[in-house]
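Input: a single structure, listed below in structure tokens.
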Amino acid sequence: MTSMVTRAVGAPVARLEGPAKVSGAARYAAEYPQDHLAYGWIVPSPVARGRLDAVLIDPAEEDVLAVLWYGNAPELAKSDDPELAVLQSDEIRYRGQPLALVIATSLEAARRAAQAVQLEIAEEDHDVELRADHPDRYTPETVVPDVPAESSTGDVEAALTSAPVTIDVTYETPPLHNSPMEPHATIARWDDQDLILYDSNQHPSGIADTVGAIFGLPAGRVHVVTEHVGGGFGSKGTARPNAVLAALGARVTGRPVEVVLPRQAMFSIVGHRAPTLQRIRVGATEDGILTAIDHQTCTQSSRLLEFVESASVVTRDVYPVPNLRTGHSVVRLDVPTPRWMRAPGEAPGMVGLECALDELAVELGLDPVELRIRNSPANPRYVECLRSGAARFGWSERDPRPGQRLEGEWRLGTGMAGATYPASAMPSTARVRALGAGEYEVAIAAADLGTGARTILAQIAADELGVPIDKVHIRIGDSTLPQASVAGGSSGSASWGWAVTGACRELRAADGSSDEATFDTTELVQQQKENRHASGAHFAEVRVSTVTGEIRVSRLFGMYDGGRILNPRTARSQFLGGMIMGMGMALHEESVLDPAQGTWVNHDLAEYHIPTHADVEWIDAAWLDQPEDDLNPMGSKGIGEIGIVGSPAAILNAVWHATGIRIRTLPARLDKILTATP
Amino acid sequence: MKTFDYRTATGLADGLEPGAVFLAGGTNLVDLMKLGIATPDVLVDVSRLPLREITDLPRGGMRIGSAVRNSDLAADHRVRTAYPVLSQALLAGASGQLRNMATTGGNLLQRTRCRYFMDATMPCNKHLPGSGCPARDGDHRNLAILGGSEACIATHPSDMAVALAALDAVVQVDGPTGQRSIPVTDLYRLPGDTPERDTVLEHGELITAVDLPELPVAARSTYRKARDRASYAFAVGSVAAALDVEDGLVREVRLAFGAVAPKPWRAFAAEEALRGRPATRERFAAAADAELRHATPLRDNAYKIALIRNLTVSVLASLVPSTEPAAQGPAAQGPAAQGPAAQGPATQGPAESATEEETR
């Protein structure tokens, strides 16, 4: 028999770290044993705006090592992110802002003392309420990630005026919080002048740069260890205050200091998806060809930093429209700074666009799948997702009229929406070493958030080196390894896989003359094709109780083009996870603002609802699995975020089909059904 | 969390020093301690007292020891057959893990999940008397429409207590001044000017048991809970009901509402409006209206009126035996409901969903 190496890429390889995780052997940031570990507990601001005059603590509090606040904290170097300037100023910019850090010899003592701290605050009036007519609203220059806030082609007003069919609707998405299972956590330790951070994040190389700069250290003197991460969803993409506070505390006390955010703090200091008020106007011919779209988003940011959720940007790319205008306005409020949350921009933006298109389809009397196909002449993969997804879901049996299906007390309906997400890569470097005996070590400072990144890199390396996957040893999650880009923007596998591929190919090309190769993709990445996308289509079936107004999703299906699927097992998990998060966006998630108190009042996972297992009745995903050869050596497109893009709209459109009720303010909940008139 | 002492109760006569509280399953109290809402000096653990039996009462009915776990009570065969509403209410609450820890007495004495109460940095007349109630102008979507006051509109979160209120359950209490019996419907106080006190219990009084009277109508009973997600969510409205219909007329009925008031809300007025009357959807709706007439909704919780009304009609209709002509009567929906509610088979729904939850 001839021996044969089966290709690892494309195989449903189980996550390499799975056994370590289920047996408890895998270590998360706060689980690294330290001698003389001290514990930091944050004292959050109870007001949204004001000045901190003093922090007083009962000297009788036991086991307290230090109480740091701006009156005594060491001075830090300036950072690009003003939220990292912790304990540096008496200014209070949002409720929940860290005003002090209590460090004690036990977690219990730190928490007890922090709850007993007396704050002397001169409170000022605050404003936390986003309104479309807010007098301070302005147009920013750019929106995230870094694109112009406005765009305009053709004559939108004229086209809308002359269009035979038009839609003019406003969709509102609430503030949302990404609250991963593992909260933000850091253990910081100073070894002489070097800083060691065990930190839960999505970007060890970036954390080393950022925190190093704040403490006046080159990145090489900061060692970030991020072996395992219990989810991030964007909230761990950059250094958060916990990392800086732990490092400060360790410097002052001379001990390793751990700062783990309690769940409540996850709803203030680590960011949120900003609320959006989206007005969207659409014009079309009677045949359903789009002639004009105007998509305007109003959103909020903090006093500290301009971060603008780019909800209108997605509309620039999905459908070719001759007259297109998109824009954003922002109001700076006394709130925490918004941050990245899974598919920033695309997720809320496709609620507005894809729900408006559903309304247009109804107005036209045209099937919503057909409407999208007619407007995608140059996007064959998207069309294939629409057609194939519709066939698999059983879309053709649908009666387009709303409110026609009744089973017992439940009204049934189906809805669909398109999906899109940019396919891109960022510069990264990987190193591969031959260890002898046919074994290899692959090293890159990537972070695996539980998605299977580590496993996929092993698969890629195994194929490139021509060895079975168990001969490849992956080292990631450590900033001292060759630098890697952030695990964000659905770019991790493309970016890191590219670097790993390059390193493996160089090693093989050396043909034994070297036992190590390092490959930097910076130049290649700069030449990558722009404006490329993964795409997909979501289909939902919901039932709505005529008694209670409760909405349940009985079926949710996604059909995707993600280029080559590197690992169908972990890919499926990514797709389904995104779709379930989309279900949460449509039906459950909302950070409820109390304008008078200046903060969100539901800040734990009992009151901030995400879907439970019981909410997910039937869910499935499928994909085209066609490599996109000119993107990167693997032919892959990122798939971490596309599941949440469009799935909320599919569910909302299905709610309309079931009931005749358009819910345009998310989330769709029973009270909105009960008080609506179809 | 404030530092505290801990001791195990050895007998019912132990008493309770000032600053001490009883600890049973701890599923609510420990959370409140971590959040700084509850700051007891001493925890007296009563979970090892001999209060874990479910026994038959000599004159009919049954006695549930206060330390009986929610999961054990829900699974009890006598409960499932003679008082199915109680089993269903228990299974509609919390999660499997919590039900395995939570006790009968502790469930009754759990505190509101009003978001202001649960945050020590917020004003709240319940956790800091006199500090004000931000909920009236702020977040009150899931707060009281019945029984609230200017000082407090918190709702009681228990599902189990709603069933017990419908079943005329009686709480047995032992304390420094001796034993006494309190109907569940009288256990809770309305907030008035002193919302810090949830119940009529005095310091040191311990619930030892909950008695269920013999109640033939309860054999035909059910609980239905509406919530914002399919599992692990507090009710936004719930109805516990028992119904006996003969010759198209209501012979006996028990009805209680959840998530609408500071206490499980026994709907006495609705029951009165139904006894001896035709068991029709119109009458069920009118009975709900009789009870909800006094509701004082705020900006964001008026939907509860329609919700409770619809739930009442649906639940009572589901309890009319299919042999009764009234069960097939025409839909009678108020303005808030949409379309022909619950036209399907009258028995579908609540009982099945409770079983489903249990097996998940």
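Atoms considered below: every heavy atom in the structure, side chains included; atoms not considered: hydrogens, waters and symmetry mates. These figures come from a predicted structure and were not determined experimentally.
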*Can you list the residues that meet the ring pair (Phe, Tyr, Trp, His ring centres under 6.0 Å) rule with Tyr608(A), with sequence neighbours excluded?*
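Tyr608(A) satisfies ring pair (Phe, Tyr, Trp, His ring centres under 6.0 Å) with Phe267(A) only.
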*Taking ring pair (Phe, Tyr, Trp, His ring centres under 6.0 Å) as the test, write out the residues that go with Trp600(A), two or more places apart.*
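Counting only residues at least two positions away or on another chain, Trp600(A) forms a ring pair (Phe, Tyr, Trp, His ring centres under 6.0 Å) with His177(A), His272(A).
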*Are Asp139(B) and Asp594(A) side-chain neighbours, meaning at least one heavy-atom pair lies under 4.5 Å?*
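When only atoms from C-beta onward are counted, Asp594(A) and Asp139(B) do not touch, as no gap falls below 4.5 Å.
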_With a 4.5 angstrom heavy-atom cut-off, is it the side chain or the backbone of Arg113(B) that approaches chain A, or both, or neither?_
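Both backbone and side chain.
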*Side chain, backbone, both or neither of Lys304(B) within contact of chain A (heavy atoms, under 4.5 Å)*: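 Neither; nothing under 4.5 Å.
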Per-residue contact mode, [X] against chain B (heavy atom under 4.5 angstrom):
{"X": "Val592(A)", "answer": "side chain"}
{"X": "Leu605(A)", "answer": "backbone"}
{"X": "His588(A)", "answer": "side chain"}

*asked:* Within the supplied structure, the quantity of interest is the number of heavy atoms (other residues, nucleotides, ligands) at a distance under 6.0 Å from Gln404(A) CD; does it exceed 12?
replied: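 Counting neighbours around CD of Gln404(A), more than 12 heavy atoms of other residues, nucleotides or ligands fall under 6.0 Å, so yes.
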*Is the NZ atom of Lys34(B) crowded by more than 12 outside heavy atoms at less than 6.0 Å?*
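Atom NZ in Lys34(B) is not packed in, count stays at 12 or less.
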*asked:* Which heavy atom of Gln115(A) sits nearest to which heavy atom of Leu35(B), and what is that distance?
replied: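 Minimum heavy-atom contact is NE2-C, 4.0 Å.
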*Does Asp615(A) use its side chain to pair, donor to acceptor, with the backbone of Ala230(B) at less than 3.5 Å?*
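At least one qualifying donor-acceptor pair exists.
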_Donor-acceptor check, side chain of Arg229(B) to backbone of Ile610(A), threshold 3.5 angstrom: yes or no?_
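At least one qualifying donor-acceptor pair exists.
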*Output yes when Glu550(A) and Arg227(B) qualify as a salt bridge under the 4.0 Å nitrogen-oxygen rule, no when they do not.*
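A salt bridge is absent here (no side-chain N lies under 4.0 Å from a carboxylate O).
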_Electrostatic pair Arg224(B)-Glu409(A), nearest N-O below 4.0 angstrom_ =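 Yes.
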*Identify which of His603(A), Arg95(A), Arg552(A), Arg111(A) forms the greatest number of heavy-atom pairs closer than 4.5 Å to chain B.*
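Looking at each option in turn, the highest pair count goes to Arg552(A).
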*What option among Ala226(B), Pro123(B), Gly138(B) has the most heavy-atom pairs under 4.5 Å with chain A?*
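That would be Ala226(B).
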